[in-house]
Amino acid sequence: MLLPTCRLPATPSHPAVHPHISLAPPSLRLRRQHGRATMARATSTTPPALGETLLGLYEKERLGLSRYADEESKEDMFWETLDADLQYWTRGLRPVQWYPGHIAKTEKELKGQLKLMDVVIEVRDARIPLATTHPKMDLWLGNRRRIIVMNREDMVSADDRNAWATYFSSQGIKVVYSNGQLGMGTMKLGRMAKSAASTVNTRRREKGLLPRPVRAGIVGYPNVGKSSLVNRLLKRRMCPAAPRPGVTRELKWVRFGKDLELLDSPGILPMRISDQTAALKLAICDDIGERSYDFADVAAILVQILLRHPDVGSEAFRKRYKIDVDSDCGKMFVTKLSVHLFNGDTTQAAFRILSDFRKGRFGWVALERPPT
């Protein structure tokens, strides 16, 4: 299926913008990391060269701050327009839908098991935290305590992590960043789960009942790393895990020490994904079955995202694939790469681009930032 034209939509709510966003020079990126005050201080403390006046130095500092503001505005514009761009680009494409038979059974069983849980650990993909939460999750959990685990922390930047930590903190939700493959964050998660449900045994003692292990359910979308997280917590392979969606197909309770029981569950998805921008992000990040989407279409849109991304841009593609980026149209680049490396096989070229993104070959790139 052909992608729609690669221009940006021009509507009153989303004016057309220039498609090319140049990378900031290294010196400017360094100054941006340390903040506006640091840059101003560094400029003002530089000894004036011979023949330079204070007025000239002031003008240089003003221009430096102006460049800084320009870079900030480009980054802000990217995040503000990203979802609108995705909505435009996905028009006319085959909808991304995936709902294996075992998910319906899992959802029914999981809702029954929720009554037994003291705390729920919801695992999300740190690159797309909003796209990897079930739209009915809040309704299912009610007032039950929840901990959000942002898995794959190694695939996003420190700025992304800080932005989401601030966002969830403002909502009173506890967040743990983790890397299920390496085990980072797992011990902190175990402590937080026990602490979040500490009142359970206090109430049991008041009723004259013996204490019992805290019950924590681990839920989330397919392939976000739930089973890997459980295995790392237990320090042994108790749950099947593989880097593809749909491996876990049944609920399983496992014991973590004497004080904590964990419920590993298969990934759950809505029966029908109405938000196709979220579905596209799931496809890009490999959090949905491959049969649900066309590789060439998804890779083409990924290219268009990364070309505009303030931390990637066209130079990253030139360095990675040793070919020039002739336009901002993702489909054209996928076709060109297929001729360059795969004898015209666009599916192979698309798979290479998607695989490179999933392995972090384009750097620490998130596809979502907290809503403002």
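All figures in this text were calculated on a predicted structure; none of them were measured in a lab.
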According to the salt bridge (charged side-chain N to carboxylate O under 4.0 Å, His left out) rule, which pairs have a member within residues 169-184, sequence neighbours left out?
-> none
Inter-residue atom distance Leu280.CG - Leu93.CG, 0.5 Å rounding | 8.0 Å
Below 4.5 Å, heavy atoms only, C-beta onward: do Ser327 and Met332 meet side chain to side chain?
-> yes
Step-by-step side-chain hydrogen bond (donor to acceptor under 3.5 Å, both in side chains) determination, Ser157 to Asp159 = CA-CA 5 Å; Ser157 68; Asp159 288 342; 5.0 Å; no
State whether the side chain of Ser195 and the backbone N or O of Arg191 hold a donor-acceptor pair below 3.5 Å, judged by distance alone.
-> no
Taking all non-hydrogen atoms of both residues into account, name the closest pair between Leu116 and Arg215 and its distance.
-> O-CD, 3.2 Å
Pairs where residues 259-307 contributes a residue and the test ring-ring contact (aromatic ring centres under 6.0 Å, His included) is met, not counting sequence neighbours = Tyr293-Phe295, Phe295-Phe351
Leu260 and Pro213: which non-hydrogen atoms are nearest, and at how many Å?
-> N-CB, 4.0 Å
Arg369, CZ: over 12 other non-hydrogen atoms inside 6.0 angstrom | yes
Residues that Lys336 engages under side-chain hydrogen bond (donor to acceptor under 3.5 Å, both in side chains), provided they are two or more places apart = Asp326
Given side chains that start at C-beta, do those of Val303 and Asp328 come closer than 4.5 Å, heavy atoms only?
-> no
CZ of Arg205 to CZ of Arg203: how many Å apart, nearest 0.5 Å?
-> 13.0 Å
Rounded to the nearest 0.5 Å, what separation is found between the CG atom of Leu189 and the CD1 atom of Ile121?
-> 4.0 Å
Residue pair Phe333, Ile323: steps toward the side-chain contact (heavy atoms from CB on, under 4.5 Å) verdict = CA-CA 9 Å; Phe333 184 81; Ile323 56 175; 3.8 Å; yes
Could you walk me through whether His340 and Tyr321 pass the ring-ring contact (aromatic ring centres under 6.0 Å, His included) test, one step at a time?
-> CA-CA 9 Å; His340 180 63; Tyr321 303 114; 8.7 Å; no
So, does Arg144 use its side chain to make a donor-acceptor pair with the main chain of Leu114 at under 3.5 Å?
-> yes
Considering only distance and modelled atom types, tabulate donor-acceptor pairs under 3.5 Å from the side chains of residues 359-366, sequence neighbours left out.
none

Could you tell me the separation between the CE atom of Met155 and the CG atom of Asn179, rounded to the nearest 0.5 Å?
-> 10.0 Å
Can you name the closest pair of heavy atoms from Ser314 and Leu307 and give their distance?
-> CA-CD2, 3.6 Å
Answer yes or no: is there a side-chain heavy-atom contact under 4.5 Å between Glu368 and Pro129?
-> yes
Can you tell if the side chain of His309 reaches within under 4.5 Å of the side chain of Gln304, non-hydrogen atoms only?
-> no
Before giving the answer on salt bridge (charged side-chain N to carboxylate O under 4.0 Å, His left out), spell out for Asp138 and Arg146 the whole-Å C-alpha distance, their side-chain angles and the decisive distance to 0.1 Å.
-> CA-CA 10 Å; Asp138 290 339; Arg146 171 165 59 173; 2.7 Å; yes
Tracing side-chain contacts under 4.5 Å among Ile, Leu, Val, Met, Phe, Trp and Tyr outward from Leu210 reaches none
Heavy atoms only: give me the nearest Trp79-Leu367 pair and the separation to one decimal.
-> CZ3-C, 3.6 Å
Report the distance from atom CD1 of Ile268 to atom CE of Met137, rounding to the nearest 0.5 Å.
-> 4.0 Å
Co-members of Leu130 in a cluster of I, L, V, M, F, W and Y side chains, linked at under 4.5 Å | Ile148, Met150, Trp164, Tyr167, Phe168, Ile173, Val175, Tyr177
Would Arg124 and Val224 satisfy side-chain contact (heavy atoms from CB on, under 4.5 Å), going step by step from the backbone distance to the final call?
-> CA-CA 6 Å; Arg124 301 190 189 184; Val224 293; 5.9 Å; no
Asn343 atom CG, neighbour heavy-atom count above 12 within 6.0 Å | no
Report yes if the side chains of Ile305 and Val312 come closer than 4.5 Å at any heavy-atom pair, otherwise no.
-> no
Is any side-chain heavy atom of Asp83 less than 4.5 Å from a side-chain heavy atom of Lys281?
-> yes
Which ring-ring contact (aromatic ring centres under 6.0 Å, His included) pairs, counting each pair once, include a residue from residues 116-163, with sequence neighbours left out?
-> His134-Trp140
Verify same cluster id: Met271, Ile273 (apolar side-chain graph, 4.5 Å) = yes
Under the salt bridge (Lys or Arg N to Asp or Glu O under 4.0 Å) test, which residues partner Arg212, sequence neighbours left out?
-> Asp118
Would you say Ser169's side chain and Thr166's backbone share a donor-acceptor pair under 3.5 angstrom?
-> no
Using side-chain hydrogen bond (donor to acceptor under 3.5 Å, both in side chains) as the criterion, list what pairs up with Asn151, not counting sequence neighbours.
-> Ser178
Nearest heavy-atom contact between Arg358 and Cys285 is NE-C, 4.1 Å
CA sep, side-chain torsions, deciding dist, call: Leu229, Val123, side-chain contact (heavy atoms from CB on, under 4.5 Å) | CA-CA 9 Å; Leu229 200 64; Val123 184; 4.0 Å; yes
Is a donor on one side and an acceptor on the other found under 3.5 Å between the side chain of Asp160 and the backbone of Val156?
-> no
Roughly how far, to the nearest 0.5 Å, is the CH2 atom of Trp89 from the CG atom of Leu302?
-> 10.0 Å
Residues passing the side-chain hydrogen bond (donor to acceptor under 3.5 Å, both in side chains) test with Glu206, sequence neighbours excluded, are none
For Arg152, which residues count as a salt bridge (Lys or Arg N to Asp or Glu O under 4.0 Å) partner, sequence neighbours excluded?
-> Asp125, Asp287
Polar side-chain atom of Ser228 near backbone of Gly225 as donor-acceptor pair, under 3.5 Å | no
Heavy-atom side-chain contact between Val96 and Leu282 under 4.5 Å = no
With hydrophobic residues grouped by side-chain heavy-atom distances under 4.5 Å, do Leu263 and Leu141 end up in a single group?
-> yes
Tell me, please, which residues at least two apart from Asn201 pass side-chain hydrogen bond (donor to acceptor under 3.5 Å, both in side chains).
-> none
Note, Val298 side chain near Leu354 side chain (heavy atom, < 4.5 Å) | yes
Correct closest heavy-atom pair for Arg94 and Asp294 would be NH2-N, 3.5 Å
Consider only side-chain N and O atoms of Thr133 and Glu122, and report whether a donor and an acceptor are under 3.5 Å apart.
-> yes
